[in-house]
Colleague: 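Structure below; questions to follow.
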Amino acid sequence: MHTDTAVSYLVASLILCPLALALALLAAPGLRTRNLLVRAGALLTGAGALACAAAGGAGAYYFRGEIHGLETLFLAASLGLAGVMLRYAFKYKRPLAGALALAQAGLTLYFDLACAPGVAADNAFYADKFSLLMALVIGVLGPLICVYALGYMRDFHRHYPRLPDRRNFFFFLLFVFLSAMFGVVFSNHLGHMLFFWEVTTVCSFLLIGHTRTREAVNNAFLALNINLTGGLAFSLALIWLARNSGIVELDKMLALRGAALLPAALLCYAAITKAAQFPFSSWLLGAMVAPTPTSALLHSSTMVKAGVFLVLKMAPVIAGTAVGNAVALIGAGTFLAASIVNITEPNVKKVLAYSTVANLGLIVACGGVGGPAAVWIGLVLIVFHAVSKSLLFLVVGTVENRFYTKDMENYDNLIVKMPVTALLFVAGIAGMFIAPFGVVVSKWAAIEAFLKVPSAFGAALVIMIAYGSAATVFYWSKLLGKILSMRDQPGVEKKREATIGNDEWTAEWAHALLSFAVCAGLPLLSAWLVEPYLLAQYGAPGGLGNFNYGVITMLLFLLVALPALAWALHRRAAYRLSDTYVCGRQMDSHLLVGGAMGSWREITLKNYYLDGFFDSGAILRYSNYFLGAVVAFMLAAGVIWKN
Amino acid sequence: MEKLMPALAYALLAPLAGGLLAGADRIVSARMQRRVGPPLLQPFYDVAKLFSKGDVEVNSLQYPLALCHLLFMALAGALFFGGGDILLVIFVFTVAALFLVAAAFSSASPYSFVGAERELIIILAAEPALLIAAAAIYKVSGSLNFHAVAASGAPLIKQLPGVFLCLFYVLTMKLRKSPFDLSYSHHAHQEIVKGITTDLGGRTLALIEITHWYENILLLGLVYLFFAFSAPLALAAVALTYFLEVLADNTNARVRWQLALSSTWTITLLLAGGNLLALYALGGN
């Protein structure tokens, strides 16, 4: 069989198999069938994504996708999707969501009936190295999260017995989501991509509203409304392209370069809403009400990553224009503001969320700046961030299901209470901000790449990243400190980890190993999937150079080996354990202090949030105003700017 | 090989140089206070004595974390003098500092805890200045390798006076001098004396002292870079910088962390950030 035939079959099966599994899960009669289907489906999807990435040779593949009735099928499915949205908008009396869904359906009909018939589309689907990289992220992390969800949802429903158990529907949505994500990254026909784009919007809407509490419903509609405005912008871009340039395909649009600036600006708007950049970040923060596997999925391999994928795809068109600079400013501004706001945030899930927003900001900034060096960073940061953030959500979910708290202050002593989980937690946090793990490597490369921008604008971006990076160190370190603080209380129950099931352990350990592997294997990953894409797009590979790869690998090895060795040697050493020092007061390591009249009081230690120093409300408000104005400027520049 | 030799030299000699510097620091400080001061080698005697103490620890994590603090600080310096990317050096330098913070967090003592939080504030305050300084060095000299920058002959100090002044301000924090010795003050009049090392004693504390020597030499290396076009001038500049830091230490009371943070961030933005942006306006490079 020809390679491209093989790749085309693999791409088709990556989109269709999760969909088939999802339908099977909807009908699954019992717990055992469901468990079996999810585990088997996870294995299949992962294997498919790996095979697809391995089968892809040097170049990009384009497939005609000539299937009779395909267009009609997509149209029918789009209208069905609009129907679903309308039904929920009616049920919960949300006129705005209903209006947006109707507008979306109207634009889709207009495009399909009035614009599309006159336009010839050559290749419906494609697979280049970037899509394959995305497919790996979606196909490896997504299924692991689904497997984790088996254990998580069991504990979740045990703790909330009054919630209706709609787990079949929940798992159905997870797999539909994966299928749609594969659709987004493999669609060359922008109309198809829009359909898959809208499917991810609707899936995340339904997942956020899973528990159907008032808060969940409100936040689900917030996410729906914001993402639907992105969908509308996407539709307008599509119609503009079909009417003015007579094209509906991504590759042809990118070939237009500057002539496609307006649709590119519209697509960037859609991408920025989906990637939860300021001023649109509120929906991702609101999504925290959903069960934790949903967050893991939205933040790592799906949803927000579709947004940054699209921005990076647009890079060749927008780089060096006012639109590109506006996009870069939105990204860097979001990185800075979200990082500083995070210092004042005690809710661990929100800390993770703002950190996602910030990291996506860095990727968006790279897309806006463009060029091989910056886009290289965007691509590898997608991978690094996905692995570490997913690991963090899984671990937080496990802790949450045992202590029922999201407050960072209650993570005291985790190293004693749940040592293995704490270790995995530390691995996840290390991946986010400790050199030489990937996210830091990306910041490092970003500073050097932005300095190569010929104007002072690059330096301004660097200054924003320097401040944001400092804030990042602060908020991660204090969480790390909480986890590592040891209070050897006698009453602590140490058997909590025994209640963690195999599904959760498997997913968490796989993530931890992956976060190490993607970093140690960075030169290989870069040479395999990232550099060929950049060479094809820009004629230069990007990357860090062999000396730096060597230093990174050495540091990574030392970072794991030295603490482990120091700890192992110290375990055998003889030393006397003493109580902590409190200026001569009576105190023991249980944090009890001798008070008056023979009483004993417990000390509580709370982190600094600097909330008297940083007014997070004001920072959020003004950065939303400012970046909102930049978004308006970006769209205006798309209309006005001429090359 | 030419990369390995300076790195090795740093790993072996920096504690010696740093210890002597600490001894000189104490004599100069004493003279400023009209005292005679200890012998030059006193820091070495102190550390030797700390090593001879019995091992008393409050938990099983502190010693390994303190050891990693030492090793990663030495590694950061070795990378710096060995010609590694200065931005990466700053990141590894931060990792080293974090091991100390983690060691302090792991103890239950409120003093230790407050010390750890304050050390984090120092990192928060200083990191933008360090990163922007590296960016500015790269912009001017086209490299972030210590030896390449030195060999380029670029008079960094002439093009980056604002960055240097800002770095001087931030060094006060990193060298743990007043008015910014929030977490590690050695002055008896402070409300928390060496909060971060409250629960570290004996050989664990000895490791922290040696790390501090490594740290100081690395930071002065950064100062050297600004004058590297002339080695004698650079050494004189390093000596003068350190003297001024000691002077500041002896003439200032500690400030609150709010002022430390806000003043550093403002100065970094105005001096270092402004200097970096001015490079473009003046068409330098």
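Here is how names work: the chains are called A, B, and so on, in the same order as the sequence lines, proteins then strands, and each is numbered from 1.
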Colleague: Hey, which of B:Leu67, B:Leu61, B:Ile123, B:Thr94 has the most heavy atom pairs under 4.5 Å with chain A?
Modeller: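 Of the candidates given, the most pairs with chain A belong to B:Leu61.
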Colleague: Does a sphere of radius 6.0 Å around CH2 in B:Trp265 hold more than 12 heavy atoms from other residues, nucleotides or ligands, not counting ones at 6.0 Å or beyond?
Modeller: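 Enclosed.
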Colleague: What part of B:Ala116 lies closer than 4.5 angstrom to a heavy atom of chain A: side chain, backbone, both or neither?
Modeller: neither
Colleague: Quick one: what part of A:Leu610 sits under 4.5 Å from any heavy atom of chain B, side chain, backbone, both or neither?
Modeller: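 A:Leu610 touches chain B through backbone and side-chain heavy atoms alike.
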Colleague: Please confirm whether the backbone N or O of B:Val114 pairs with a side-chain atom of A:Tyr608, one donor and one acceptor, at under 3.5 Å?
Modeller: no
Colleague: If we ignore hydrogens and angles and just use 3.5 Å, is the side chain of B:Gln62 paired with the main-chain N or O of B:Ser106 as donor and acceptor?
Modeller: no
Colleague: Go through the atoms of B:Leu120 and report whether side chain, backbone, both or neither lie under 4.5 Å from a heavy atom of chain A.
Modeller: both
Colleague: So, B:Ser152 side chain and B:Val149 main chain: donor-acceptor pair closer than 3.5 Å or not?
Modeller: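 A pair under 3.5 Å: yes.
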Colleague: For A:Phe457, is it the side chain, the backbone, both, or neither that has a heavy atom closer than 4.5 Å to a heavy atom of chain B?
Modeller: neither
Colleague: Measuring heavy-atom distances to chain B, does A:Tyr467 have an atom under 4.5 Å in its side chain, in its backbone, in both, or in neither?
Modeller: both
Colleague: For the pair B:Lys139 (side chain) and B:Leu276 (backbone), establish whether a donor and an acceptor sit closer than 3.5 Å, ignoring hydrogens and angles.
Modeller: no
Colleague: Can you say whether A:Leu558 sits under 4.5 Å from chain B via the side chain, the backbone, both, or neither, judging by heavy atoms?
Modeller: both
Colleague: With no hydrogens and no angle check, just 3.5 Å: does a side-chain donor-acceptor pair link B:Ser263 and B:Tyr169?
Modeller: yes
Colleague: Given that the side chain runs from C-beta out, which part of A:Thr472 has a heavy atom under 4.5 Å from chain B: side chain, backbone, both or neither?
Modeller: neither
Colleague: Is chain A contacted by the side chain of B:Thr268, its backbone, both, or neither, given a heavy-atom distance below 4.5 Å?
Modeller: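 For B:Thr268, backbone and side chain are both near chain A.
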Colleague: Let me know if A:Leu569 has heavy atoms under 4.5 Å from chain B in its side chain, its backbone, both or neither.
Modeller: neither
Colleague: Taking the side chain as everything from C-beta on, heavy atoms only, tell me whether B:Leu98 gets closer than 4.5 Å to B:Phe72.
Modeller: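 Of all side-chain heavy-atom pairs linking B:Phe72 with B:Leu98, none is under 4.5 Å.
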Colleague: Chain A: which of B:Leu277, B:Leu88, B:Val92, B:Leu65 shares the most heavy-atom pairs with it under 4.5 Å?
Modeller: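 Of the options given, most contacts go to B:Leu88.
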Colleague: I need the full list of salt bridge (Lys or Arg N to Asp or Glu O under 4.0 Å) pairs touching residues 51-69 of chain B, with sequence neighbours left out, sorted by first then second residue.
Modeller: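 For residues 51-69 of chain B: B:Asp55-B:Arg203, B:Glu57-B:Arg203.
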Colleague: What part of A:Val440 lies closer than 4.5 angstrom to a heavy atom of chain B: side chain, backbone, both or neither?
Modeller: both
Colleague: Determine the option with the most heavy-atom pairs under 4.5 angstrom with chain A, choosing from B:Val101, B:Asp85, B:Asn59, B:Leu75.
Modeller: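 Most heavy-atom pairs under 4.5 Å with chain A: B:Asp85.
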Colleague: Surrounding CZ of A:Phe557 (heavy atoms of other residues, nucleotides or ligands, distance under 6.0 Å), is the total greater than 12?
Modeller: no
Colleague: Measure A:Ile340 against the heavy atoms of chain B and call it side chain, backbone, both or neither at under 4.5 Å.
Modeller: side chain
Colleague: Does any heavy atom of chain B fall under 4.5 Å from the side chain of A:Leu484, the backbone, both, or neither of them?
Modeller: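 Both the backbone and the side chain of A:Leu484 come within 4.5 Å of chain B.
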Colleague: Measure from the side-chain N and O atoms of A:Asn359 to the backbone N and O of A:Ser355, and report whether any donor-acceptor pair falls under 3.5 Å.
Modeller: yes
Colleague: Report which part of B:Ile121 has an atom under 4.5 Å of a heavy atom belonging to chain A: side chain, backbone, both, or neither.
Modeller: both
Colleague: Do you know which of A:Ser469, A:Ala573, A:Ala566 has the most heavy-atom pairs under 4.5 Å to chain B?
Modeller: A:Ala566
Colleague: Hey, are the side chains of B:Val89 and B:Leu144 touching, using non-hydrogen atoms and a 4.5 Å cut-off?
Modeller: no
